[in-house]
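Basis for what follows: all heavy atoms, side chains included, without hydrogens, waters or symmetry-related copies.
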Amino acid sequence: MKTPRKAAIALLVMLAAMVPQACDAGRDSAGGSRALELNAFVMAADLAVGVNRFPFVLVDTNGEAAVEASVRAKFAKLGEDGTPTVKSSGEAVFVSVTSEFLHVHEDGIEHIHEHVEGVYVVNGVDFDEAGFWEAEFEVRREGIGTTTASAAFEVRERPIAPGVGEIAPASLNPTVRDVEDLYEISTHPAPVAGLYQLTIAEALEQRKPLVVAFSTPAFCVSRACGPVTDLVASLYEGYGDRINFIHIEPWVLETARGEGRLVLTDVAKEWRLMSEPWVFVIDGEGRVASRFEGFLGEEELVEALEAVVP
C-alpha cells in the first residue's frame, strides 16, 4: 500500500502534466490541429467494490491537457493473465474551473491569461470485484478527431477513507476558539471564519448536514486544494444556515512551515486519508452521503448538498 506521502506525490506527477507547456503544442507547421497520442491518469487512489466516482485526466505527448472533449469510457476487469473482460461503460463529464492570472512580458505589457483546469468524471461506475482493472477511453475532439487512451488501476474490497453510508468519525479538529489567528489553522490567504467554528464532533451532535473539506492551499501536493477550498467557501455563503461547513488542513502546519515536511494530522489519520484534497458530505444522521477525492466542480458539490439539505 502506498503511504499518504507517496500517494500524494503520485497525484502531483499526474496533475503537473496538466499544465500547458507551450503555445504551439498540438499544432502542425501550418497552424492546424493534429492528433497527438494521449496518456490517461486515474485521479483517485481510493476506489473500492461498489459504486464509485471515477476521475481521470488526459494529457498528450506535449504535456498539454485534453480538455472538454467528448469521452466514453469502458471498464474491464483484468484476469490473472492480463486479459480484459469488459464490465461496463459510461460517458465522462469534464468538471472544470477557469482561473485567471496576470502575465507580465519583459517589455512591461500586461494581460490576463485564463487557465482551464479540471478532470473528467464518470459517475456511478460499479466495480463488482476487487483486483486490477483497466479503463479504455475513446476521445473525440472537434477539429482533431478520435484518439484512444487507457489506464490500469486497482479496486479494493473496501474504501480506505470513510465510504458512503459509513458513520463519520467524531473528530476534534482545531477551531477558531483554539487559536489567536486563523493563520495558525489555515493556509488560505483569506480564510472564511465560518469554516472554523465547530469541531466535527460538535457538528455531528447538531444532527445537521455537514461538509468537511480536507485541503491545504499553501502545501497542496495535488494542485487542486486552492480551487476546492474556494468552492467550499463560496457555497458556505448560500448553504451555511442549513448545513455546517468545516475546513481542515490535512498536514501539520507547524512542521510544513518550519521544516518543509508534510506530516498528516491526527484528524487526517482518523479519516484514513491517502491524498488531498478530500470533501465529504455528511447527512443529518451522521453518515457519509457523498465523498469527493481530488478536484471537483460546483455542480457536483451542489447536487450533493441538495441531496442532504433539509
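Arg291 and Glu166 are not joined by a salt bridge, as no carboxylate oxygen comes within less than 4.0 angstrom of a charged side-chain nitrogen.
Transitive grouping of hydrophobic side chains (ILVMFWY, heavy atoms separated by less than 4.5 Å) brings Val95 and Phe41 into a common cluster. Residues Val122 and Val49 fall within the same hydrophobic cluster, defined by Ile, Leu, Val, Met, Phe, Trp and Tyr side chains chained together at heavy-atom separations under 4.5 Å. Hydrophobic clustering (side-chain heavy atoms under 4.5 Å, transitive across Ile, Leu, Val, Met, Phe, Trp, Tyr) keeps Val252 apart from Val212. Note on Val279: it does not cluster hydrophobically with Val93, by side-chain heavy-atom contacts below 4.5 Å among ILVMFWY residues. Both Val179 and Phe245 belong to a common hydrophobic cluster when Ile, Leu, Val, Met, Phe, Trp and Tyr are linked at side-chain heavy-atom distances under 4.5 angstrom.
A donor-acceptor contact shorter than 3.5 Å is absent between the side chain of Asn39 and the backbone of Glu37. The backbone N or O of Ala289 sits nowhere less than 3.5 Å from a side-chain atom of Asp283 that would complete a donor-acceptor pair. The backbone N or O of Phe137 lies less than 3.5 Å from no partner atom in the side chain of Arg72, so there is not a single donor-acceptor pair. Looking only at distances, no side-chain donor or acceptor of Asn62 sits under 3.5 Å from a matching main-chain atom of Glu64. A distance-only check finds a donor-acceptor pair linking the side chain of Glu184 to the backbone of Asp181 [under 3.5 Å]. Formation of a donor-acceptor pair under 3.5 Å by the His247 side chain with backbone atoms of Ser215 is found in this model. A donor-acceptor pair under 3.5 Å is absent between the side-chain atoms of Asn173 and the main chain of Ile248, judged by distance alone. Between the side chain of Glu134 and the backbone N or O of Leu78 there is no donor-acceptor pair closer than 3.5 Å.
Atom CZ of Arg242 is surrounded by more than 12 heavy atoms from other residues, nucleotides or ligands within 6.0 Å. Enclosure of atom CD in Glu254 is not indicated, since only 12 or fewer non-hydrogen atoms of other residues, nucleotides or ligands lie within 6.0 angstrom. Glu306 CD: more than 12 foreign heavy atoms inside a 6.0 Å radius. Annotation: Gln206, atom CD; neighbour count of heavy atoms from other residues, nucleotides and ligands within 6.0 Å is above 12. Environment of NZ in Lys74: sparse, with no more than 12 heavy atoms of neighbouring residues, nucleotides or ligands closer than 6.0 Å. Other residues, nucleotides and ligands contribute at most 12 non-hydrogen atoms within 6.0 Å of the CD atom of Glu299.
Taking the six-membered ring where tryptophan is involved, the planes of Phe54 and Phe56 are tilted, since the angle between them lies from 30° to 60°. A parallel orientation is assigned to the rings of Trp133 and Phe153, their planes being inclined by less than 30° (bins at 30° and 60°).
Atom-to-atom distance recorded for Arg156:CZ and Leu47:CG is 8.0 Å, nearest 0.5 angstrom.
Nearest heavy-atom pair, Leu253 versus Tyr183, reported as atom, atom and distance to 0.1 Å: CD1-O, 4.3 Å.
Side-chain polar atoms of Ser275 and Glu293 form a donor-acceptor pair below 3.5 angstrom.
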